[in-house]
Amino acid sequence: MRAVDIIRKKRFGGELTDSEIGFLIAGLVDGTIPDYQISAWAMTVCYMGMSDKETAALTLAMANSGDTVDLSPISGVKVDKHSTGGVGDKTTLIVAPLVAACGVPVAKMSGRGLGHTGGTIDKLESIPGFRTELGRDDFFAQVDEIGVAVIGQSGNIAPADKKLYALRDVTATVESIPLIASSVMSKKIAAGADAILLDVKTGDGAFMKTPEDAVKLASAMVAIGSQVGRRTVAVISDMDQPLGRTIGNALEVREAIEVLRGEGPDDLREVSLVLASHMLVLGGVAEDTDSARSRLESAISSGEALRKFAAFVAAQGGDPGVAEDLSRLPQAPLRLPVPAAEEGYVLGIEAEAVGLAAMTLGAGRATKDDAIDYAVGIELAAKPGDFVREGDLLAMLYVRADDERSASAIQAVRASYRLGAERGPDRPLLHGIVQ
């Protein structure tokens, strides 16, 4: 078998066999197939696409290219959740303890943030003392004992995906639905969950800019799940504006705790409840999403969800007192207001611009080696539909110093707001379900 023959076959529209795809991935990992041939194959896939069968074979080959996790020692149906990334997306901090409080075990591996999308692990590590590295036995024991554990992703989970993505990133082959779908699902399958709930974001702050493209990606990932025997459901949710009101690690933990208390922004609460409802159905503890939602709302109103969050934090070495006293989270020394330059209704907020402004302040990473400042970030005071007058507060910046970076962030956040003389139409928070 030769790589050049496989590339030629795909170039002329042929469907690759499982063994041909496995040969390419094995050669990518061990270095026997040069980067230029893997890049040529990826470019061919961009133009010719892949069948569901090919995409599933690629996903499994990448999932099995490194460590895999066997969650079978943990009782119950293990449901994993994955978001395609967005600005202010702190739903895992809410959903994981909330779902666990309702009887579905959550044994989750998460990643760190890069660029304007924050990582769940960074947010959790903003809680004083929180450990995101647990040994296998401790990880399993914690899920069995309290129902939830979230740890950093192993460096050897789906190594083929890391190598392939690095090549795609420098050869303009990132924008391929089969390659994106197999990248996401290979890591989820390697992590061992019985069922998978996907939160596919769409809008300015998301990778998929239109609902139509988000549905295509969601459909591809759900098809992979079906092909490999993992029940998978995808929720298409909006990221045309930041989710909730906060962007920044400790700020987002604070807001997640507020939702678990029965408070917090309506949009964040709604998306979290929709995601969690589907996880309860996938986990077999609810017959439908309506009954699931009722159960989830009861867990919040009774305080059980917040108690589960505190137990989860304590089990991983963190300060459970943050659940009751938000001032125990990291605090930035300065707050700088972003006033409106004119009056009008807020028509929209460019999510990506706000995310990049938060990254400039130190809340995100421009490169993987950058350090995170857990305390800094942005809190939005005005959201679409609100009316503001000149000088009214649009947002508040939480910063270390009143310096050039802060001044640049103020300008960027102000510019991200679109104002108009009349109130604009509401954009849907949810765009559909694929299952």
Side-chain angles (χ1 to χ4, degrees), residues 86-90 115-118 201-206 209 237-256 258-259 263-271 326 329-364 373 375-429:
V87 180
D89 181 11
K90 70 281 292 180
H116 72 274
T117 57
K201 302 292 189 186
T202 181
D204 176 74
K209 301 300 183 185
S237 66
D238 194 64
M239 189 42 69
D240 213 44
Q241 59 171 303
L243 184 60
R245 291 184 178 272
T246 60
I247 304 94
N249 300 280
L251 292 174
E252 293 189 43
V253 172
R254 184 193 78 189
E255 193 168 60
E258 290 171 348
V259 172
E263 306 162 359
D266 291 342
D267 60 343
L268 177 59
R269 175 184 170 88
E270 179 62 21
V271 170
L326 299 177
L329 291 165
Q331 307 284 318
L334 291 177
R335 298 184 182 188
L336 300 177
V338 181
E342 58 185 342
E343 75 171 27
Y345 287 95
V346 178
L347 301 179
I349 306 170
E350 295 175 9
E352 185 173 3
V354 175
L356 291 172
M359 184 183 75
T360 299
L361 296 174
D373 187 334
V376 302
I378 299 167
E379 183 171 12
L380 305 176
K383 294 274 281 194
D386 294 341
F387 181 81
V388 296
R389 293 179 172 81
E390 182 179 352
D392 282 354
L393 188 67
L394 293 177
M396 186 71 74
L397 269 54
Y398 294 72
V399 302
R400 290 288 171 189
D402 187 357
D403 54 15
E404 289 185 8
R405 288 199 308 173
S406 298
S408 175
I410 287 173
Q411 292 180 353
V413 172
R414 183 185 287 117
S416 73
Y417 275 81
R418 293 184 292 107
L419 303 181
E422 297 183 2
R423 192 181 190 279
D426 292 332
R427 181 177 168 94
L429 188 58

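Just so you know, these numbers use all the heavy atoms, side chains as well, and skip hydrogens, waters and symmetry mates. Each residue takes its place number in the sequence, starting with 1. The structure presented is a predicted model; accordingly, all values stated were derived computationally and were not measured.
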Closest non-hydrogen atom pair between [X] and [Y], with its separation:
X: D267; Y: G244; answer: OD2-N, 3.1 Å
X: A332; Y: A375; answer: N-CB, 3.5 Å
X: L393; Y: A381; answer: O-CB, 3.6 Å
X: K209; Y: E352; answer: NZ-OE1, 3.6 Å
X: V376; Y: L361; answer: CG2-O, 3.5 Å
X: A357; Y: A412; answer: CB-CB, 4.1 Å

Please list all pairs meeting ring pair (Phe, Tyr, Trp, His ring centres under 6.0 Å) that have one or both residues in residues 342-362, counting only residues at least two apart or in different chains.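 Non-adjacent pairs meeting ring pair (Phe, Tyr, Trp, His ring centres under 6.0 Å): Y345-F387.
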Pairwise ring pair (Phe, Tyr, Trp, His ring centres under 6.0 Å) hits with a residue in residues 398-422, at least two apart: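 For residues 398-422, and leaving out neighbouring residues, there are no ring pair (Phe, Tyr, Trp, His ring centres under 6.0 Å) pairs at all.
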Does atom CG of D386 have more than 12 heavy-atom neighbours, drawn from other residues, nucleotides or ligands, at distances under 6.0 Å?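 Correct, the count exceeds 12.
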Over 12 non-hydrogen atoms of neighbours within 6.0 angstrom of CZ in R335: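 At most 12 heavy atoms, drawn from other residues, nucleotides or ligands, come within 6.0 Å of this atom.
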Using modelled atom types only, decide if a donor and an acceptor are shared between the side chain of [X] and the backbone of [Y] within a distance under 3.5 Å.
X: S406; Y: A401; value: yes
X: E252; Y: G248; value: yes
X: N249; Y: A363; value: yes
X: Q241; Y: M239; value: no

Report yes if some heavy atom in the side chain of R414 is under 4.5 Å from a heavy atom in the side chain of P339; otherwise report no.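 Yes; the side chains approach each other to less than 4.5 Å.
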Does some side-chain heavy atom of V413 sit less than 4.5 Å from a side-chain heavy atom of L394?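 No. Closest side-chain heavy atoms not under 4.5 Å.
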Determine, for D204 against K201, whether the closest basic-nitrogen to carboxylate-oxygen distance falls under 4.0 angstrom.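 Not counted as a salt bridge, because no side-chain N and carboxylate O are separated by less than 4.0 Å.
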SB check R254 E379 (cutoff 4.0 Å):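 Salt bridge flag = yes for E379 with R254.
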Could you give the distance from [atom1] ([X]) to [atom2] ([Y]), rounded to the nearest 0.5 Å?
X: Q331; Y: L326; atom1: CD; atom2: CG; result: 8.5 Å
X: I410; Y: M396; atom1: CD1; atom2: CE; result: 10.0 Å
X: E350; Y: L356; atom1: CD; atom2: CG; result: 10.5 Å
X: T202; Y: R427; atom1: OG1; atom2: CZ; result: 6.0 Å
X: L243; Y: D238; atom1: CG; atom2: CG; result: 9.0 Å
X: D89; Y: L268; atom1: CG; atom2: CG; result: 8.5 Å

Under the side-chain hydrogen bond (donor to acceptor under 3.5 Å, both in side chains) test, residues paired with E270 that sit two or more places apart: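 If we apply the side-chain hydrogen bond (donor to acceptor under 3.5 Å, both in side chains) test to E270, skipping adjacent residues, the hits are R293.
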Listed partners of E255 passing side-chain hydrogen bond (donor to acceptor under 3.5 Å, both in side chains), at least two apart: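 side-chain hydrogen bond (donor to acceptor under 3.5 Å, both in side chains) list for E255, sorted by chain: K90, T246.
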Tell me every residue that passes salt bridge (charged side-chain N to carboxylate O under 4.0 Å, His left out) with R400, counting only those two or more places apart in sequence or in another chain.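 In terms of salt bridge (charged side-chain N to carboxylate O under 4.0 Å, His left out), with neighbours along the sequence ignored, R400 is linked to D373.
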Excluding sequence neighbours, so at least two apart, what forms salt bridge (charged side-chain N to carboxylate O under 4.0 Å, His left out) with R405?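 So R405 forms no salt bridge (charged side-chain N to carboxylate O under 4.0 Å, His left out) with any residue.
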I'd like to know whether L380 forms a side chain to side chain contact (heavy atoms under 4.5 Å, CB included) with I247, so could you lay out the CA-CA distance, the side-chain angles of the two residues, the decisive distance to 0.1 Å, and finally the verdict. CA-CA 8 Å; L380 305 176; I247 304 94; 4.2 Å; yes
